[in-house]
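Report on the following structure.
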Amino acid sequence: MTERNSTIGKSTIGRIRQDFPILHQKVRGKPLAYLDNAATSQKPKQVIEALSRYYGVENSNIHRGVYYLSEQATAAYEAARVKAQRFLNAGSPSEVIFVRGTTEAINLVASSYGRLLLEPGDEVVISGMEHHSNIVPWQMLCESVGAKLCVAPIDDSGSLIVSEYEKLLGPRTKAVALVHVSNSLGTINDVKYLVGLAKKKSAVVLIDGAQAAPHMPIDVQDIGCDFYTISGHKMYGPTGIGVLYGRLELLEAMPPYQGGGEMIRSVTFEKTIYAPPPAKFEAGTPHIAGAIGMGVAIDYLQQLGWDFVHEREELLLRYALERLETVPGIRIIGSATSRASVVSFTLDGIHAHDIGTIVDQEGVAIRTGHHCTQPVMDFFGVPATARASFAFYNTAEEVDILVNALMEAREVFGR
Ligand code: PMP
């Protein structure tokens, strides 16, 4: 990759990197090359400053106080909800529930809507490339109600076999839960098309958008899904905050997930009347600073623009694939035509954890393991992979450092 191939100059990237303080440090005496963005992305100073400002000048509990600070904090929290609504193109702010992240969002839907919806013998369809967060909650639900979990298979490129998925959709399919972008393979699913197929069978559909939100515009109305989940920390926002989008009609029908303060209209010892959504699903004091920070991360992404993010990440992905393919003994896992900037790989005779440890000596942070997708590892017959995942702020030099470190790993292991 050269910046010559791109309309984006080095100076632009240099300027953007200035927004990310963490990137400008040495680890183990080497400049940090942070290539684990699919696990969590780094935070721009705009987000960090928003968190600090919140705790420094605005901190107070929301929706309760009649005093100035509480009004300020409430307004900032609700403004963040509107930002998330626009980010997802949800129909109304009431369709945006703040949660801890994708995992909590899926658990909320499976345990609340799932229990309302499923009867013994019903079926829930997922795919073979799901993150554990989009497997285990459904498995728990199916076990508790006597429903069946059906898994649509993937092929050797790491793509969903759509004809098999379609075959699984039947009269007993009550819910479908699919990942938008796979965290271990990078595969981008055509969710609009897949949702359309499920809708022909009147199934309720949840899309796990944890890995999509950092990379592409999302329009839940265009996708046609009932639920969509995102995690703030994967899209340059804080940890511990995320959003569950749900169609209002369904949110209104669903029982609450947790009981407590904030989610009620009135309480007596005999009966509680619940608040309407979104409050119905936000029991207790929420992560106010997190929601505000996530709103600032959304602003940041929108200021960069999706064209910029896409061009940059596509260039990094192509360059990384080209360079990694030159490493003897490498096996790249996942080659879907439509993919995000994530590359999983193994090196002949070297365990993924050893790869991770050796490249770490060169300042390179990559993920190693099963990436919470053990069924994907089983499918490809590997215990684990190493995974490099790129954000717009990464550089070609960082890819080169990774490749050189992998060459070193081969030497260390006498390969
Ligand atoms: N789904 C996918 C595809 C993911 O990549 C992740 C995070 N690795 C999750 C779900 C879970 O997200 P969180 O840990 O933010 O709840």
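Whatever order the structure lists them in is the order used to number ligands and atoms, beginning at 1.
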Considering only protein heavy atoms, which is closest to [atom], and at what distance to one decimal place?
atom: atom 11 (C) of ligand 1; result: T103 OG1, 3.4 Å
atom: atom 4 (C) of ligand 1; result: H131 CD2, 3.3 Å
atom: atom 8 (N) of ligand 1; result: K234 NZ, 2.8 Å
atom: atom 2 (C) of ligand 1; result: D208 OD2, 3.4 Å
atom: atom 5 (O) of ligand 1; result: Q211 NE2, 2.7 Å

Heavy-atom contact under 4.0 Å between H233 and ligand 1?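 Checking ligand 1 against H233, which is what was asked, there is a heavy-atom contact under 4.0 Å.
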Atoms of ligand 1 close to S133 [distance to a heavy atom under 4.0 angstrom, numbered from 1]: 10 (C), 11 (C)
Using a 4.0 Å cut-off to any heavy atom of V179, which atoms of ligand 1 qualify?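 Ligand 1 atoms under the 4.0 Å threshold to V179: 3 (C).
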Using atom types as modelled and distance alone, determine if a side-chain donor or acceptor of T357 lies under 3.5 Å from a backbone N or O of H353. yes
H180 and Y228 aromatic ring geometry - parallel, tilted or perpendicular at 30°/60° bounds: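 Perpendicular, since the angle between the ring planes exceeds 60°.
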Hey, is CD on Q25 packed in by over 12 heavy atoms from elsewhere, all under 6.0 Å? yes
So, applying side-chain contact (heavy atoms from CB on, under 4.5 Å) with L244, which one of I230, L108, V96 is it? L108
Distance only, no hydrogens: is a donor on one side chain within 3.5 Å (strictly under) of an acceptor on the other, for T74 and E71? no
